[in-house]
Amino acid sequence: MQHPPEHLSIAKQIADILCDRNEKIALVETCTRGSITHLITFYPGSSAFFDSSVISYSYESQLNFLGLNREILGTHGSVSVPAAKQLAQIIRDRAQVDWGISATGILGPTGGTKTKPVGTLYVGISHAEPWDSIPSYSSVKEFHFTGNRDELTNSFTKATLKYFLSNLQ
């Protein structure tokens with residue numbers, strides 16, 4: 001898999017920060033085909049900060065395997081702010097890591113709607129602070145891109161990495 005240099009640069013910055021802080025991450029990818037995990041683990045020594053990832057495309061796996069709330073799926077769908085937030089929290093807590101990241105979106109060419117067209121992406125970030133310290137937090141950012149499936153995968157991957165890096169800094 002060929003990665004754009006900018007994607008590798010962002011992944012390297014993330015790796016350096018996580019290593020310096022002795023923090024770990026886990027990911028849920030529902031739309032990016034494992035590309036985020038591939039970039040995050042590209043450099044030797046990634047096991048120092050990378051715990052695990054789950055590629056979960058179906059509602060069934062998100063509900064049964066990850067434990068995403070049925071009401072969130074039924075009311076908002078898996079491509080939504082509530083789903084992205086809860087998926088990031090779930091992977092963070094199940095992996096028992098500092099950071100949980102979720103990327104959930106619509107790559108297409110089908111699956112889009114008027115309210116959620118192909119190219120819609122939600123990135124969830126969840127950080128666990130040590131017990132009895134400042135509160136943990138979660139955030140979600142919505143993105144919209146255009147392009148074919150491969151172009152959208154690249155855009156989704158870059159946006160997820162950049163948003164995570166902004167949360168780290």
Side-chain angles (χ1 to χ4, degrees), residues 1 3-4 7 10-11 14 18 24-42 49-128 136-168:
M1 181 180 287
H3 296 294
H7 290 47
I10 299 167
I14 290 169
L18 290 169
K24 287 201 170 215
I25 63 169
L27 303 163
V28 173
E29 298 185 60
T30 76
C31 59
T32 46
R33 308 182 319 188
S35 64
I36 300 166
T37 300
H38 192 261
L39 277 163
I40 289 290
T41 60
F42 185 79
F49 64 87
F50 179 80
D51 180 84
S52 56
S53 75
V54 174
I55 299 170
S56 177
Y57 267 42
S58 72
Y59 271 30
E60 291 78 13
S61 68
Q62 292 165 23
L63 176 70
N64 299 324
F65 184 72
L66 291 169
L68 183 60
N69 183 280
R70 178 179 291 278
E71 286 71 27
I72 287 175
L73 283 170
T75 304
H76 303 283
S78 68
V79 179
S80 65
V81 169
K85 181 178 181 179
Q86 190 176 53
L87 286 169
Q89 292 168 334
I90 287 169
I91 197 68
R92 177 202 68 194
D93 291 345
R94 290 209 173 161
Q96 297 181 7
V97 294
D98 305 286
W99 295 92
I101 305 162
S102 68
T104 183
I106 305 168
L107 278 179
T110 62
T113 66
K114 284 186 179 185
T115 57
K116 294 180 194 172
V118 169
T120 300
L121 169 70
Y122 295 94
V123 177
I125 305 292
S126 187
H127 186 246
S136 298
Y137 78 92
S138 299
S139 64
V140 177
K141 187 165 182 179
E142 180 178 351
F143 299 89
H144 295 276
F145 300 101
T146 59
N148 65 37
R149 198 167 163 81
D150 289 336
E151 291 166 338
L152 287 174
T153 299
N154 276 329
S155 295
F156 285 13
T157 300
K158 181 180 177 183
T160 301
L161 292 171
K162 286 181 77 171
Y163 185 54
F164 179 52
L165 181 60
S166 74
N167 276 262
L168 279 175

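Everything numeric in this text was worked out from a predicted model, so none of it was measured. Basis for what follows: all heavy atoms, side chains included, without hydrogens, waters or symmetry-related copies.
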[atom1] of [X] to [atom2] of [Y]: how many Å apart, nearest 0.5 Å?
X	Y	atom1	atom2	value
Thr160	Lys162	OG1	NZ	12.0 Å
Asn69	Gln86	CG	CD	5.0 Å
Thr120	Phe143	OG1	CZ	12.0 Å
Ile14	Ile25	CD1	CD1	7.0 Å
Phe156	Thr104	CZ	OG1	9.0 Å
Thr41	Phe49	OG1	CZ	8.0 Å

Heavy atoms of other groups near [X] [atom1], more than 12 under 6.0 Å:
X	atom1	value
Arg70	CZ	no
Phe65	CZ	no
Lys116	NZ	yes
Lys141	NZ	no

For the residue pair Arg94 and Ser52, establish whether any side-chain heavy-atom pair is separated by less than 4.5 Å.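 Not in contact.
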
Side chains of Leu87 and Thr30, heavy atoms from C-beta outward: is any pair under 4.5 Å? yes

Grab the two heavy atoms, one from [X] and one from [Y], that are nearest each other, plus how far apart they are.
X	Y	value
Phe50	Lys24	O-NZ, 4.4 Å
Gly77	Tyr59	CA-OH, 3.1 Å
Ile91	Val54	CD1-CG2, 3.9 Å
Ala26	Ala95	CB-CB, 3.7 Å
Leu121	Ala159	CD2-CB, 4.0 Å
Ser80	Tyr122	N-CD1, 3.5 Å

Side chains of Glu29 and Thr37: do they bring a donor and an acceptor to under 3.5 Å?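 Thr37 and Glu29 do have a side-chain donor-acceptor pair below 3.5 Å.
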
Determine whether the side chains of Thr153 and Ser35 contain a donor N or O and an acceptor N or O closer than 3.5 Å.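 Looking only at side-chain atoms, Ser35 and Thr153 do not form any donor-acceptor pair under 3.5 Å.
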
Kindly say whether [Y] contributes a backbone atom to a donor-acceptor pair with the side chain of [X] at under 3.5 angstrom?
X	Y	answer
Arg149	Gly108	yes
Gln62	Ser56	yes
His7	Asn154	yes

Verdict with supporting geometry, Arg33 and Asp150, salt bridge (charged side-chain N to carboxylate O under 4.0 Å, His left out): CA-CA 10 Å; Arg33 308 182 319 188; Asp150 289 336; 2.8 Å; yes

side-chain contact (heavy atoms from CB on, under 4.5 Å), that's the test. Do Ile106 and Cys31 meet it? Break it down for me. CA-CA 7 Å; Ile106 305 168; Cys31 59; over 6 Å; no

Should Leu18 and Asp98 be marked as a side-chain contact (heavy atoms from CB on, under 4.5 Å) after you check the CA-CA gap, both sets of side-chain angles, and the distance that decides it? CA-CA 10 Å; Leu18 290 169; Asp98 305 286; over 6 Å; no

Sequence neighbours left out, what pairs pass ring-ring contact (aromatic ring centres under 6.0 Å, His included) with at least one residue falling in residues 85-104?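 Counting only pairs at least two positions apart or across chains, the ring-ring contact (aromatic ring centres under 6.0 Å, His included) contacts touching residues 85-104 are Trp99-His127, Trp99-Phe164.
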
Given Ile36, which partner from the list Ile101, Leu27, Val28, Ile55 fulfils the side-chain contact (heavy atoms from CB on, under 4.5 Å) test?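 Of the listed options, the one satisfying the test is Leu27.
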
Quick one: do Ser139 and Tyr163 satisfy side-chain contact (heavy atoms from CB on, under 4.5 Å)? Show the steps, please. CA-CA 10 Å; Ser139 64; Tyr163 185 54; 2.8 Å; yes

